[in-house]
Undergrad: 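Starting off with a structure, shown below.
Proteins come first, then strands; the chains are lettered A, B, ... in the order of their sequence lines, and each starts at number 1. Remember, it's a predicted structure, so these values are computed and weren't measured experimentally.
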Protein chains: 2
Amino acid sequence: MISKKTKYAINALVFLAKRTGEGPIVISEIAEKERIPRKFLESILLSLKKAGLLASKKGKGGGYFLLQDPEEINLADVMRLFDGPIAFLPCVTYKYYERCEECKDEETCGIRDVFFEVKQKTVELLKQASLSEIIKRESNLISHL
Amino acid sequence: MISKKTKYAINALVFLAKRTGEGPIVISEIAEKERIPRKFLESILLSLKKAGLLASKKGKGGGYFLLQDPEEINLADVMRLFDGPIAFLPCVTYKYYERCEECKDEETCGIRDVFFEVKQKTVELLKQASLSEIIKRESNLISHL
DNA sequence: TATAAAGTCTATAGATTTGGTAGACTATTC
DNA sequence: GAATAGTCTACCAAATCTATAGACTTTATA
């Protein structure tokens with residue numbers, strides 16, 4: 001399961017993506033419309049800013065806005081930012097690699113082999129899931145009601 | 001990431017699967033050979049027993065052994081037993097379904113749509129990963145060294 | 001029938017993560 | 001200079017994870 005933090009981040013990003021071009025949106029509006037605790041959202045947006053996905057403007061007329069294209073931002077990156085590795089085992093991650101303490105031989109581990117495959121497929125799907133893709137799916141779902 | 005509990009459970013099960021037919025294996029042996037803290041392993045094996053995957057025999061000559069066929073036991077079931085749902089969102093699980101509090105309309109949620117697909121593929125792969133499959137992969141890896 | 005072997009049950013506990021809250025501070029606009 | 005809006009630091013309660021301790025029960029067998 002992803003954390004609430006990640007879920008909130010995704011919701012906020014999709015929200016901002018839908019309003020691209022409208023200029024900065026204030027935290028309070030995102031918080032209200034997306035039903036996210038205001039103070040919690042603050043720290044989430046700050047992280048997204050540090051990661052280079054968002055930019056902000058202070059003072060009156062300020063707020064947050066997307067810095068990257070909605071096609072560029074995908075769920076794999078967002079999930080990794082907040083929850084760390086997507087893989088089920090530390091020994092099949094790339095950036096967060098760690099050996100399993102109790103493992104006897106990584107090279108011939110059948111469990112690792114399975115989880116490596118699962119990770120590959122998962123990341124592939126999550127990389128494809130950009131903000132634009134999510135919005136597209138939403139409108140598809142609406143038109144099929 | 002899966003919990004250590006789940007990882008230990010999988011290791012213990014694979015270990016027992018490899019020694020099918022040898023009669024009951026004592027906890028201490030599994031603990032030593034698989035490098036799992038003894039007391040922690042006790043409770044894990046007990047859970048696996050309650051779930052119907054293992055059976056035990058008390059007293060001298062006792063121990064644990066598989067109750068199901070190694071082809072029948074798969075990673076999806078084991079992971080669900082200890083870590084709960086495999087899905088990334090509570091709204092795309094089957095047995096643990098829960099609505100996202102902050103969600104405005106589940107039916108038209110593009111995020112949910114993506115995560116549903118991811119879950120489907122993941123579960124499919126994990127269901128295929130039986131104990132026999134894991135052991136088979138291990139021997140494949142060994143023969144390709 | 002003792003006794004050693006082996007699983008079972010209940011309780012506890014430290015460490016870490018999760019999901020937040022409070023409040024002072026800084027920058028910007030009008 | 002006052003209102004607006006993001007930033008930074010600190011804190012905190014609850015849950016989860018990873019165990020450990022110890023008493024208890026059952027069984028085989030000498």
Undergrad: Can you give the donor-acceptor pairs under 3.5 Å from side chains of residues 58-73 of chain B to other protein atoms, not counting sequence neighbours?
TA:
| from | atom 1 | to | atom 2 | distance (Å) |
| --- | --- | --- | --- | --- |
| B:Gln68 | NE2 | B:Gly52 | O | 3.3 |
| B:Glu71 | OE2 | B:Ser132 | OG | 3.3 |

Undergrad: Please determine whether a side-chain nitrogen of the Lys or Arg among A:Lys4 and B:Glu101 lies less than 4.0 Å from a carboxylate oxygen of the Asp or Glu.
TA: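 Salt bridge: yes.
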Undergrad: Please write out the pairs of protein N or O atoms and N or O atoms of nucleotides 9-12 of chain D separated by less than 3.5 Å, giving the distance to one decimal.
TA:
none

Undergrad: Hey, any chance B:Val123 and B:Phe116 share a hydrophobic cluster, counting ILVMFWY side chains that come within less than 4.5 Å of each other, even indirectly?
TA: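 No: no chain of side-chain contacts under 4.5 Å links B:Val123 to B:Phe116.
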Undergrad: Nearest-Å distance, CG (A:Asp83) to C1' (C:dG19)?
TA: 12 Å
Undergrad: Assess, by modelled atom type and distance only, whether the side chains of B:Asp83 and B:Ser3 contain a donor and an acceptor separated by less than 3.5 Å.
TA: yes
Undergrad: Determine whether A:Asn74 and A:Leu126 satisfy the following criterion, side chain to side chain contact (heavy atoms under 4.5 Å, CB included), listing intermediate values before the conclusion.
TA: CA-CA 7 Å; A:Asn74 63 73; A:Leu126 291 175; 5.8 Å; no
Undergrad: Measure CZ/A:Phe40 against C1'/D:dA14 and give the value in whole Å, please.
TA: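 Those two atoms, CZ and C1', are 14 Å apart.
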Undergrad: What is the per-nucleotide protein-contact pattern of nucleotides 1-17 of chain C, from the 5' end, where B denotes a base atom under 4.0 Å from a protein heavy atom, S denotes such proximity for sugar-phosphate atoms only, and - denotes neither?
TA: ----BSSBB--------
Undergrad: Is the closest basic N to carboxylate O distance between B:Lys127 and B:Glu133 below 4.0 Å?
TA: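 Not counted as a salt bridge, because no side-chain N and carboxylate O are separated by less than 4.0 Å.
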Undergrad: Answer yes or no: does a side-chain N or O of A:Tyr8 lie under 4.0 Å from OP1 or OP2 of C:dG19?
TA: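 Answer is no, no contact under 4.0 Å.
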Undergrad: Quick check on contacts: within residues 30-37 of chain A, what sits under 4.0 Å from DNA chain D by heavy-atom distance?
TA: none
Undergrad: Sub-3.5 Å donor-acceptor pair from the side chain of B:Thr122 to the main-chain atoms of B:Val118, do we have one?
TA: yes
Undergrad: For the helix from C:dT1-D:dA30 to C:dC30-D:dG1, what angle separates the axis at the start from the axis at the finish, each from five pairs, in steps of 10°?
TA: 10°
Undergrad: Applying side chain to side chain contact (heavy atoms under 4.5 Å, CB included) to A:Phe115 and A:Ile111, what does each step give before you reach the verdict?
TA: CA-CA 6 Å; A:Phe115 280 119; A:Ile111 300 167; 3.6 Å; yes
Undergrad: What's the NZ-C1' distance between B:Lys7 and D:dT18, to the nearest Å?
TA: 12 Å
Undergrad: Ignoring hydrogens and geometry, is there a side-chain-to-backbone donor-acceptor pair from B:Lys119 to B:Val92 under 3.5 Å?
TA: yes
Undergrad: According to side chain to side chain donor-acceptor pair (under 3.5 Å), does anything in residues 86-99 of chain A pair up with another residue at least two apart or in another chain? List the pairs.
TA: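 Qualifying pairs: A:Tyr97-A:Glu106.
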Undergrad: Could you tell me whether B:Glu32 and B:Arg38 make a salt bridge, using a distance below 4.0 angstrom between a side-chain N and a carboxylate O?
TA: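 Answer for the salt bridge query: no.
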Undergrad: Salt bridge or not between A:Glu124 and A:Lys121? Use side-chain N to carboxylate O under 4.0 Å.
TA: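 Looking at A:Lys121 together with A:Glu124, the answer is no, because their closest N to O distance does not fall below 4.0 Å.
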Undergrad: Without decimals, in angstroms, what is the distance between B:Lys4 NZ and D:dT18 C1'?
TA: 8 Å
Undergrad: Are the side chain of A:Arg112 and the backbone of A:Cys91 linked by a donor-acceptor contact shorter than 3.5 Å?
TA: yes
